[in-house]
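Read the structure below first, then the notes.
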Amino acid sequence: MVHRARYGQQAFILVLLVICIGHVSGGVCTKKMADVVFLLDSSFSVWESDFDMQLQFVKSVVDNFHIGKDSIRVGVLSYSSEIKTNFFMDEYYDKATMKSAVDKIEYLSTAGTDTAGALKYAREVMFHKKHGGRDSASKILILITDGMSHNSNETAKQAAVTKNAGINILAVAVGAPIMQELEMVASYPASDFIFNVTDFNALPNIVNSLATTTCLVPGIPGDDGSPESTTKSSEMEEKIKKYCANSPLDILFVVDSSSSIWPLHFQEIVKFTQKVIDLFDVSTDKTRIGVILYSDDVTPVLHLDNKLNSKDLKNRISKIQQLKGGTETGKALKYARENEFTEKYARENSTSKVIILLTDGQSIRPEETLEEAKKLKEENVTLFVIGIGNRTDRNELGAIVSSPRHQYSIQDYNALTTIKNMLVVKTCTVHFQVQDPAIEGDNESEETCWDTPRDVMFVFDSPATGIHKTKIIRKAITEMYKLMQIGSNKTRAGVLSYYCPTDLDTSLQEFQDEQSFLLSVKSQPNDGLKRLLRILRTRGFQSAGDNSKSAKKVGIIFVDREEHDSRGIIEEARRTARNIRLFVVTIGNRVPSHTVESLCSDFKHRCVFHVPQYNSLIQYVPDIMDMVCFS
């Protein structure tokens with residue numbers, strides 16, 4: 001189960017990032033001036049107990065802030081199909097009274113998810129001067145959602161206007177909402193501003209990392225390089241440097257030096273490397289820095305065992321000359337593994353090993369690149385990748401990194417400065433990822449969530465869906481099947497896509513007159529999904545055999561439009577949900593959100609996944625199966 005292992009690694013890294021950052025947020029937030037607004041999802045798909053967890057989450061994040069009239073101000077609104085202001089930013093300047101006010105926020109419990117409206121309202125009302133907004137403060141919006149918005153296009157539009165107004169958006173994705181939408185909503189880069197948790201119970205795991213990101217959002221800059229702006233930037237960097245002081249790291253910069261990079265842009269990479277190094281405590285017993293260049297070949301600039309101090313290190317790096325040539329990324333990673341991270345240059349196993357790879361294009365031999373990245377990760381080397389420009393392959397970069405939060409895809413070289421602080425903070429946390437060999441265990445025998453016996457039925461109305469779309473759904477089911485551990489003692493799977501129509505159709509000689517025939521045709525029901533759910537409930541798991549008593553019963557329903565008898569379908573779904581866990585995959589934008597939410601609303605955990613169109617269904621298969629597997 002490669003995908004399961006990848007998911008586990010991501011979760012493991014995120015938890016450890018949270019643990020280690022827990023001590024930095026308070027310090028980084030000292031004297032921080034920010035206007036912060038929380039947008040709480042209070043739609044029908046969110047249970048009241050889940051909404052209460054959002055309130056606890058808000059209070060925990062606030063605990064990391066220095067609340068005050070001249071420091072951090074906080075406002076909160078709730079949204080579903082309606083929008084409700086809970087309190088404005090100028091109402092509470094005391095942490096205790098603010099948290100007490102959060103406890104009094106009421107659950108809306110109305111259908112729909114008007115994310116676009118919530119963004120617009122927050123921008124125009126919550127951040128307004130008459131409600132406590134300040135020109136001199138950083139503006140930060142923390143959006144929490146567990147599902148797709150009413151109107152994805154309008155949501156993207158409102159997010160763009162909001163960000164253009166100088167408001168930074170952090171998105172907290174609970175379960176498996178449409179990530180493409182959140183990537184459009186969140187500030188750039190998305191890897192720093194989107195936080196994903198499996199369900200509302202997991203919100204405490206991201207409290208400190210989200211609070212830290214909030215505190216690292218830059219203040220209102222003096223574009224003219226004013227002394228005030230420079231001072232604030234220096235203060236932030238000193239706090240980060242202090243936090244990173246005790247991190248035992250071996251960091252190797254792997255720098256693309258191919259011909260596709262203009263000489264001036266190559267110098268921007270050199271300057272960025274120097275600025276990153278400035279934030280580490282460079283010494284032989286703390287952080288050590290190495291640098292290699294690559295194009296057609298690999299050239300070591302500084303080995304990891306160099307004994308240079310920070311000043312001399314930066315001076316040496318400033319004299320780097322560009323190589324020119326192709327992009328042999330795989331060769332560079334292989335060199336790093338076989339040379340820099342061996343006993344010759346690297347330290348003992350207790351020291352964390354990190355690669356920061358900078359590139360502007362695709363590797364010449366991608367298979368070799370991915371193989372070498374895999375070998376490095378198996379040897380406990382953590383890989384960060386910074387892809388610059390539009391010639392990079394995001395899929396390739398995503399396969400190289402140790403975690404999605406270690407991948408940066410930036411638009412141009414000017415954006416390098418925007419990722420510097422968070423890159424350093426993430427790098428400083430890597431030492432928490434080194435596992436104790438005594439408890440690491442055998443990865444091959446690691447239990448996965450698919451080891452729990454399940455009987456899974458995939459359900460869709462094939463006659464109504466049509467031949468072409470049915471083929472796509474069946475292909476997606478095939479890919480889902482591959483991700484499950486199928487076996488007599490584990491998971492079984494089946495497909496239910498046709499109901500039996502024999503007793504509902506009209507035979508050739510059944511009626512002798514036109515009126516009777518037309519009445520029969522008119523009275524024939526259009527309730528395919530309703531009948532499929534009834535079959536699923538009454539007969540869908542009869543063939544499970546001995547597995548049926550111990551196995552969890554799961555139904556995965558595909559829908560792409562509003563059904564004729566939505567009320568009847570919801571009633572049938574709720575009967576089915578008494579003994580079978582239902583998940584719904586919606587495709588396209590023709591499915592009303594309140595109907596979808598009702599199909600699986602008997603379950604506390606995330607159970608709806610939205611796919612924007614049929615052509616992208618396959619690419620979302622791993623995420624859909626994660627939702628099913630870990631819910």
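Start at 1 with the first residue, then count along the sequence.
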> Charged N to carboxylate O below 4.0 Å: is that the case for Lys241 and Asp278?
Replying inline: no

>> Any carboxylate oxygen within less than 4.0 angstrom of a Lys/Arg side-chain nitrogen, looking at Asp90 and Arg73?
In response: no

Beyond-backbone contact of [X] with [Y], side-chain heavy atoms, under 4.5 angstrom:
{"X": "Leu141", "Y": "Phe38", "result": "no"}
{"X": "Tyr79", "Y": "Thr145", "result": "yes"}
{"X": "Ser352", "Y": "Thr382", "result": "no"}
{"X": "Ile419", "Y": "Ile410", "result": "yes"}
{"X": "Ile557", "Y": "Phe583", "result": "no"}
{"X": "Arg134", "Y": "Lys129", "result": "no"}
{"X": "Leu40", "Y": "Val58", "result": "yes"}
{"X": "Val172", "Y": "Leu203", "result": "yes"}

Distance-minimising heavy-atom pair for [X] and [Y]:
{"X": "Val74", "Y": "Ile72", "result": "CG2-CG2, 4.1 Å"}
{"X": "Gln56", "Y": "Asp103", "result": "NE2-OD1, 4.1 Å"}
{"X": "Met89", "Y": "Asp35", "result": "SD-CB, 3.3 Å"}
{"X": "Lys120", "Y": "Gln158", "result": "CB-OE1, 3.4 Å"}
{"X": "Ile169", "Y": "Ala159", "result": "CD1-O, 4.0 Å"}
{"X": "Val207", "Y": "Val61", "result": "CG1-N, 3.9 Å"}

> Should the pair Phe87 and Tyr92 be assigned to parallel (<30°), tilted (30 to 60°) or perpendicular (>60°) ring geometry?
Replying inline: perpendicular

Calculate, to the nearest 0.5 Å, the distance between atoms [atom1] and [atom2] belonging to [X] and [Y] respectively.
{"X": "Thr85", "Y": "Leu77", "atom1": "OG1", "atom2": "CG", "result": "6.0 Å"}
{"X": "Leu143", "Y": "Leu182", "atom1": "CG", "atom2": "CG", "result": "7.0 Å"}
{"X": "Phe195", "Y": "Asn205", "atom1": "CZ", "atom2": "CG", "result": "13.0 Å"}
{"X": "Asp114", "Y": "Glu154", "atom1": "CG", "atom2": "CD", "result": "8.5 Å"}
{"X": "Thr427", "Y": "Leu279", "atom1": "OG1", "atom2": "CG", "result": "10.0 Å"}
{"X": "Lys104", "Y": "Leu55", "atom1": "NZ", "atom2": "CG", "result": "13.0 Å"}

[X] side chain to [Y] main-chain N or O, any donor-acceptor pair under 3.5 Å?
{"X": "Asp41", "Y": "Ser80", "answer": "no"}
{"X": "Arg561", "Y": "Ile587", "answer": "no"}
{"X": "Thr155", "Y": "Thr115", "answer": "no"}
{"X": "Lys163", "Y": "Val185", "answer": "yes"}
{"X": "Ser71", "Y": "Met33", "answer": "no"}
{"X": "Asp50", "Y": "Val46", "answer": "no"}
{"X": "Tyr413", "Y": "Leu264", "answer": "no"}
{"X": "Asn168", "Y": "Lys139", "answer": "yes"}
{"X": "Glu396", "Y": "Gln362", "answer": "no"}

For [X], look at atom [atom1] and say whether over 12 heavy atoms of other residues, nucleotides or ligands are found less than 6.0 Å away.
{"X": "Lys271", "atom1": "NZ", "value": "no"}
{"X": "Lys95", "atom1": "NZ", "value": "yes"}
{"X": "Lys157", "atom1": "NZ", "value": "no"}
{"X": "Glu106", "atom1": "CD", "value": "no"}

>> Under the side-chain contact (heavy atoms from CB on, under 4.5 Å) test against Phe272, which residue among Ile386, Ile388, Ile277, Val255 passes?
In response: Ile386

>> Between Ile624 and Leu617, does the side-chain contact (heavy atoms from CB on, under 4.5 Å) criterion hold? Intermediate values first, please.
In response: CA-CA 10 Å; Ile624 294 170; Leu617 177 59; 4.2 Å; yes

Side-chain donor-acceptor contact under 3.5 Å, [X] with [Y]:
{"X": "Ser42", "Y": "Ser78", "result": "no"}
{"X": "Asp560", "Y": "Thr586", "result": "no"}
{"X": "Arg394", "Y": "Gln407", "result": "no"}

>> Apply side-chain contact (heavy atoms from CB on, under 4.5 Å) to residues Thr214 and Ile142 and explain how you reach the verdict.
In response: CA-CA 9 Å; Thr214 303; Ile142 300 175; 4.0 Å; yes

> Taking only residues at least two apart or on different chains, which pairs with a member in residues 113-133 satisfy ring pair (Phe, Tyr, Trp, His ring centres under 6.0 Å)?
Replying inline: Phe88-His131

>> The test is salt bridge (Lys or Arg N to Asp or Glu O under 4.0 Å); show your working for Asp360 and Arg391 and say whether it passes.
In response: CA-CA 6 Å; Asp360 82 328; Arg391 290 196 298 266; 2.8 Å; yes

